[in-house]
Amino acid sequence: MPSDVTEPVDFIREIIRDDLQTGRFDRVHTRFPPEPNAYLHIGHAQAILLSYGIAQEFGGKFNLRFDDTNPEKESLEYVEAIKHDARWLGADWEDREFYASDYFEQLYRWAEELIRKGVAYVCDLSPEELSQTRGQPIRDGDRVITPPGVESPYRNRSVEKNLDLFRRMRAGEFPTGAKTLRAKIDMAHPNLNMRDPVMYRILHACHHRTGDAWCIYPSYDWAHGQSDSIEGITHSICTLEFENHRPLYDWFLDQLGVHHPRQIEFARLNLTYTMTSKRRLLRLVQEGHARGLDDPRVPTIAGIRRRGYTPEAIADFVRRIGVSKSESVREIELLEHCLRDDLNRRAPRRMAVLEPLKLVITNYPEGKVDQFDAVNNPEDPAYGTRRVPFSREIWIEREDFMESPVSGFFRLAPGREVRLRYAYLVKCVDVVKDGSGRVVEVRCTYDPVTRGGDAPDGRKVKATLHWVSARHAVDGEVRLYDRLFTVSDPLDVPEGEDWIANVNPSSLVVLTGCKLEPSLAEVEPGERFQFERKGYFCVDPDSRPGVPVFNRTTTLRDTWAKVQGRA
RNA sequence: UAGGGCGUAGCCAAGCGGUAAGGCAGCGGCCUUUGGAGCCGCCAUUCGGAGGUUCGAAUCCUCCCGCCCUAGCCA
């Protein structure tokens, strides 16, 4: 992380600093509370790193807590995946891995307490009835009116009756959905969340942690704030949509008279060319636009990791975007900038020819092999050098040769001299074509005195090409990824049309028979490299011995491509 | 409609009554054995709009406009 940038002081850190100063809290304890019902995505990364980072900065603690209050949607598989991803991102919750389900008994006792206080009651209304009596908006001509809610006929049952019914709910005497426990607050409250919200519902379902111990489950609203309280959380950082719920959480905590964390809401992360909705991601996979939820094009943490992104780049990105309450869409270019910034400093360089074209050096002795020292990372001498073999026949990138060069193209062309990186200056003297007129071989002469790449007479060339010796090359597969969508807002479609139309048909191009320098023969999944002049690449788990598979993480900034794009 | 929230450059974002930071993107140039990296320069007379207070307003007040959230026994 660049040390020349001072840490941003956002409104959240300001509030916390204030709380510490005024004595509202004398310590900082945050948490990340995912529901184990999906994989983490880039948006979660910000939430985790924000809460974890704040705990670190203030010398406090950070918890991981699974809000597992809905057994129908949650599973152990997601728990494990989330832990893995959160750890990969760099978060450390030490031994503080918690579950809302750990608190079911306590939550139950507190519910009875509220019943005894006369501020909670068992209600027999059906979901439809409940929704109608909560005060649904009514259209009145061209206006819409939100009427006050209607009190449930069961609202004034006695404490004894409520206690008895609630205990029988727990005992399993009633079918799923038959009754709820509701907080008795105010059916006319302008905040709909305060209109006697549901605290418990009956759900005869097996929970991934508590099994069949329960058939009533706390609602998120009832479980969440108390879970934070139990854990001694001081600052509950969450996204904007929970702002409306804060008064309810406050109400529960005050009724119970327990430790009262402060909730602070921020705007969730949105990224251009990206969507994170679980439902839509699943559809992309089901319809074959992505190969799985860990496809390198998908913005899940698993996908991003497989693509070759580094946790450091993500952390840098999160730090740079900061936090605010205004809903915004970040440009993916900033994330890519952070990625390149990190990879440029850390990725070892290699030469790889993705779309090979044979180049024969006619005056180079058959059978002779030169060895050149190549720099592993010009940004850091500590990476050292490696030997790269050179011989009479080499592969160069097909796009580095043009038989009739357009203006602005200064790579190889008939009669032109270019440098082969670390090797020699070569001049194109002939072109060999097949029957259809396609160039299949370029013939050059080399200048032996330019060994290493510099001409003693001081003459300059305008281009340096990467290359791989043909007889030493390793064959590999390279998967070229591009944005999954062709437009910055994937959901922006004409009225009545399907957003699937925005999927980029060429978001994946698979190249086989790529020619890699010999040092790339033995690589481990997850290893990252810069292929000089082509971009950053990461070894995919699909690699097999002798046949490495690389994912293109991102291209290098390419001014030539930009010039071409303008033409 | 009610309640809650948000409007500063193409995208973000600092700013907290004293005269618009910074990043990304873009555009020029330098340098270069990666058309990479790096370096230099340019990029808001104005802060959603209109009034008002003030010597002075993006900052304070009033009104207006726009966008988002909630109206699950999801989280």
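Owing to the predicted nature of the structure, the values given are computational and were not obtained by experimental measurement. Letters go in sequence order (proteins before strands), and every chain restarts at 1.
Taking atom P in both B:C65 and B:G29, the straight-line distance is 49 Å, to the nearest Å. Separation of the C1' atoms belonging to B:U62 and B:A57 is 15 Å when rounded to the nearest angstrom. Remark: the separation of the C1' atoms in B:U53 and B:G17 is 12 Å, to the nearest Å. Separation of the C1' atoms belonging to B:G41 and B:U59 is 32 Å when rounded to the nearest angstrom. The P atoms of B:U8 and B:A58 are separated by 15 Å, rounded to the nearest whole Å. B:C74 and B:C60 have their C1' atoms separated by 43 Å, given to the nearest Å. Spacing between B:A9 and B:G15 at atom C1', rounded to whole Å, works out to 15 Å. Atom C1' of B:C6 sits at a distance of 32 Å from the matching atom of B:C42, rounded to the whole Å.
Note on ring orientation: taking the six-membered ring where Trp is involved, the planes of A:Phe372 and A:Phe390 are perpendicular (angle over 60°, cut-offs 30° and 60°). Ring geometry, A:Phe537 versus A:Phe531: the interplanar angle falls under 30°, so the pair is classed parallel (tilted spans 30 to 60°). Using bins of under 30°, 30° to 60° and over 60° for the plane-to-plane angle, the ring pair A:His224/A:Phe242 lands in the parallel bin.
Nucleic acid contact for A:Val329: sugar-phosphate only, since backbone atoms but no base atoms lie under 4.0 Å from a heavy atom of the residue. Base contact: A:Phe410 has a heavy atom under 4.0 Å from a base atom. Residue contacts shown for A:Phe409 include a base, since a base heavy atom lies under 4.0 Å away.
In summary, the side chains of A:Arg350 and A:Ser519 do present a donor paired with an acceptor at a separation below 3.5 Å, with no hydrogens or angles considered. For the residue pair A:Asn37/A:Glu35, the side-chain donor-acceptor check at 3.5 Å is satisfied. Using modelled atom types, one finds a donor on one side chain and an acceptor on the other under 3.5 Å when comparing A:Arg340 with A:Thr554. Using modelled atom types and a 3.5 Å distance limit, the side chains of A:Ser229 and A:Gln226 yield no donor-acceptor pair. Under 3.5 Å, the side chains of A:Tyr39 and A:Glu77 contain a donor-acceptor pair of N or O atoms.
Between A:Lys462 atom NZ and B:C31 atom C1' the separation is 15 Å, expressed in whole Å. If you measure from atom NZ of A:Lys534 to atom C1' of B:G35, you get 11 Å, rounded to the nearest angstrom. For the pair A:Phe317 CZ and B:G23 C1', the interatomic distance rounds to 12 Å; values are reported in whole Å. Between the P atom of B:G4 and the CE atom of A:Met194 lies a distance of 13 Å, rounded to the nearest Å. In this structure, CG of A:Asn377 is placed 12 Å from C1' of B:U34, rounded to the nearest angstrom. When the P atom of B:A13 is taken as reference, atom CZ of A:Phe266 falls 13 Å away, rounded to whole Å. Distance A:Asp10 CG to B:A21 C1': 16 Å, rounded to the nearest Å. The CG-P distance, from A:Leu354 to B:U34, rounds to 19 Å in whole Å.
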>> Each nucleotide in nucleotides 67-75 of chain B should get exactly one letter: B, S or -. Can you fill that in based on protein heavy atoms under 4.0 Å?
In response: -BBBBSBSB
>> I need a per-nucleotide contact map over nucleotides 36-42 of chain B, read 5' to 3'. Cutoff is protein heavy atoms under 4.0 Å; write B for the base, S for backbone only, - otherwise.
In response: BS-----
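Mapped onto RNA chain B by nearest heavy atom, A:Val323 and A:Gly408 fall at different nucleotides, with A:Val323 at the one closer to the 5' end. Nearest-nucleotide assignment on RNA chain B puts the 5′-proximal partner with A:Glu333, out of A:Glu333 and A:Leu420.
Minimum heavy-atom separation, A:Pro348 to A:Arg528: CD-O, 3.4 Å. Closest of all the heavy-atom pairs between A:Phe32 and A:Ala47 is CE1-CB, 3.9 Å.
For RNA chain B, each stem of at least three Watson-Crick or G-U pairs (distances under 3.5 Å) is given as range with range: B:2-7 with B:65-70, B:10-12 with B:22-24, B:26-30 with B:38-42, B:48-52 with B:60-64.
Here CZ of A:Phe66 is found 13.5 Å from OG of A:Ser227. Values are rounded to the nearest 0.5 Å.
In B:G49 the base sits anti relative to the sugar, since the glycosidic angle is further than 90° from 0.
Ion pair A:Arg65/A:Asp228 flagged as a salt bridge, since at least one NZ, NE, NH1 or NH2 atom sits closer than 4.0 Å to an Asp/Glu carboxylate oxygen. We find that A:Arg246 and A:Glu265 are joined by a salt bridge, their nearest charged nitrogen and carboxylate oxygen being less than 4.0 Å apart.
Here B:C27 is the nucleotide among B:C27, B:C24, B:G15 with the atom lying nearest to any side-chain atom of A:Lys562.
For A:Arg246 against B:G4, a side-chain-to-base donor-acceptor contact under 3.5 Å is absent.
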